[in-house]
Amino acid sequence: MARIKAIRGMNDILPDQTPVWQFLENRVKEVLGRYGYAELRMPIVEQTDLFKRSIGEVTDIVEKEMYTFEDRNGDSLTLRPEGTASCVRACEEHGLIFNQVQRLWYMGPMFRHERPQKGRYRQFHQIGVETFGMQGPDIDAELIVMTARLWRQLGLEDAVTLHLNTLGNAADRARFREDLVNYLGAHVDKLDADSQRRLSTNPLRILDSKDPQTQALLDDAPHFHDYIDDESREHFERLCKLLDQAGVAYEVNARLVRGLDYYGKTVFEWITDELGAQGTVCAGGRYDGLVEQLGGRPTPAVGFAMGVERLILLLETLGKVPDAVRQQVDIYAMAMGDEAFARLFGLVDTLREQTGLRIQLHCGGGSFKSQMKKADRSGARIALLLGDDECRAGVVTVKPLREALEQRQVPVEQLADTLASMFVEDQE
RNA sequence: GUGGAUGUAGCUCAGUUGGCAGAGCUCCGGAUUGUGAUUCCGGCGGUCGUGGGUUCAAGCCCCAUCAUCCACCCCA
């Protein structure tokens with residue numbers, strides 16, 4: 001019988017990896033909390049129409065990447081391919097953005113049926129941040145500065161660069177799109193195959209084509225900047241100024257467009273060249289029209305999402321995960337003989353409460369030597385030994401496993417204090 | 001969806017013109033009574049991704065299929 005394996009592109013996160021995930025998640029929560037952002041938790045499944053109406057019917061995500069299925073009662077449901085739509089739906093449904101300002105974040109799995117690759121999986125995880133009710137560039141700047149701060153907290157500030165652009169308003173974008181299609185349509189033969197296809201599906205995407213001939217052709221094409229209205233231009237200029245003042249470096253990239261239809265005005269991407277083809281580690285922008293598009297009142301909004309797998313990959317390749325993060329046990333306790341074990345069993349339980357230290361008790365017997373081996377492998381700094389000798393004397397042997405210090409015998413009453421003091425100095 | 005590379009022990013990988021399935025690491029045990037990381041000895045561990053085919057004989061050749069990795073594409 002064939003063994004059952006995990007679904008393609010959907011990964012188990014194993015015990016040696018979860019500490020890294022927790023490290024990242026904790027740092028992110030810490031930073032977002034400092035800026036006053038609140039967590040929101042949403043279902044993973046939504047009505048299919050939510051994504052069709054928000055992301056855009058003709059985008060790749062909706063056309064060929066969604067996990068869509070029929071519920072038992074015939075409703076079309078979809079495993080969420082991104083978080084923004086759900087977030088807007090939830091806020092709208094519960095009146096969170098009716099005449100109100102919100103700063104929110106969420107985290108969890110997203111699903112897209114793509115061909116798996118480094119940094120790209122069918123179930124992947126995003127940490128998303130969305131804000132509602134603020135139309136000025138100040139909140140755009142806050143979001144970007146906040147991400148820059150986060151990179152510093154993670155030690156990634158030298159590994160990522162910020163790309164920034166404005167997409168103007170919807171009407172101007174439509175005008176530009178038309179002119180661009182007309183111009184490129186007259187030179188179809190010079191476009192690469194992918195761009196030819198995009199001419200009818202998603203013409204703006206042609207702007208970031210990697211084909212040199214296509215790029216040459218674009219030099220003489222209509223320029224998007226000439227289509228931007230005054231309001232968007234001013235919004236963008238004020239944003240740039242705020243970033244300058246905050247000391248956040250950016251690169252204005254006029255050819256940066258996003259794959260989701262709802263973006264307008266500000267768009268940005270944090271990109272690394274350490275991860276091969278999937279270099280975008282965080283991306284977002286303004287989507288003032290989306291709430292209304294989903295049936296709410298017109299509500300300005302900006303947000304972004306981070307790719308958790310990609311950030312972890314980046315942390316790992318750059319060696320930015322502190323060693324202490326991977327250490328799961330402080331103390332390994334072992335006993336020789338049934339009587340000693342019985343005594344140790346109760347003792348470590350008390351010690352855990354008294355000291356808050358992570359104590360692993362050896363279970364399953366085995367020779368003393370093999371227990372020592374386990375203690376070593378556990379990564380613990382200290383081993384506690386309890387045998388007949390110690391039982392008789394009312395002491396426990398405390399053996400440092402990492403430092404070149406002598407082991408010593410400590411009376412049971414003093415054990416908690418002794419251990420606590422051994423772990424104080426490395427709090428920072 | 002397209003192209004390329006790769007699937008052999010839990011992990012990393014050898015395996016010759018087709019001829020008995022291998023190593024290192026891990027794990028378990030031992031090298032004088034209760035002391036780990038080094039060293040030495042021994043042991044456990046296999047549907048050679050899966051299904052067909054060719055052959056006296058297939059890990060190796062052929063076909064199909066699945067998966068992984070990388071790139072295109074897409075995107076976080």
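Chain naming here is simple, since letters A, B, ... match the order of the sequence lines and numbering starts at 1 in each.
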> Counting the atoms with a prime plus P, OP1 and OP2 as sugar-phosphate, which does A:Q278 contact under 4.0 Å by heavy atoms, base, sugar-phosphate, or nothing?
base
> Between A:R8 and A:D389, name the one whose nearest nucleotide on RNA chain B is closer to the 5' end.
A:D389
> Please tell me which of the listed nucleotides, B:C72, B:C75, B:A67, lies nearest to the side chain of A:K5?
B:A67
> For the residue pair A:F176 and A:F224, categorise the inter-ring angle as parallel (less than 30°), tilted (30 to 60°) or perpendicular (more than 60°).
tilted
> At 4.0 Å (heavy atoms only), tell me whether A:L311 reaches a base, stays on the sugar-phosphate, or touches nothing.
nothing
> To the side chain of A:M336, which of B:U2, B:C73, B:G34 is closest?
B:G34
> Using only modelled atom types and a 3.5 angstrom limit, is any donor from either the side chain of A:R120 or the base of B:C73 paired with an acceptor on the other?
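Pair found.
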> Just checking A:R198: base, sugar-phosphate only, or nothing, at a heavy-atom cut-off of under 4.0 Å?
sugar-phosphate
> When the P atoms of B:U26 and B:G19 are considered, how many whole Å apart are they?
32 Å
> Have a look at A:A283 and say if it touches a base, only the backbone sugar-phosphate, or nothing, with a 4.0 Å heavy-atom cut-off.
sugar-phosphate
> Under 3.5 Å, is there a donor-acceptor pair between the side chain of A:R8 and the main chain of A:R115?
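Between the backbone of A:R115 and the side chain of A:R8 there is no qualifying donor-acceptor contact (under 3.5 Å).
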> Mind checking A:G119 for me? I need base, sugar-phosphate or nothing, with any heavy atom below 4.0 Å counting as a touch.
base
> Scan A:Q407 against the nucleic acid and name what it touches under 4.0 Å (heavy atoms): base, sugar-phosphate only, or nothing.
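A:Q407: base contact, heavy atoms under 4.0 Å.
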> Would you state whether a donor and an acceptor, one from the side chain of A:K369 and one from the base of B:U35, lie under 3.5 Å apart?
no
> Could you check whether the side chain of A:E390 and the base of B:G34 have a donor-acceptor pair of N or O atoms closer than 3.5 Å, going by distance alone?
yes
> Please check if the side chain of A:R177 supplies one atom and the backbone of A:P203 the other of a donor-acceptor pair under 3.5 Å.
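Answer holds: no.
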> Is there a donor on the side chain of A:R115 or the base of B:C73 sitting less than 3.5 Å from an acceptor on the other?
no
> Which nucleotide wins on minimum distance to the side chain of A:K374, given the candidates B:U35, B:G1, B:C28?
B:C28
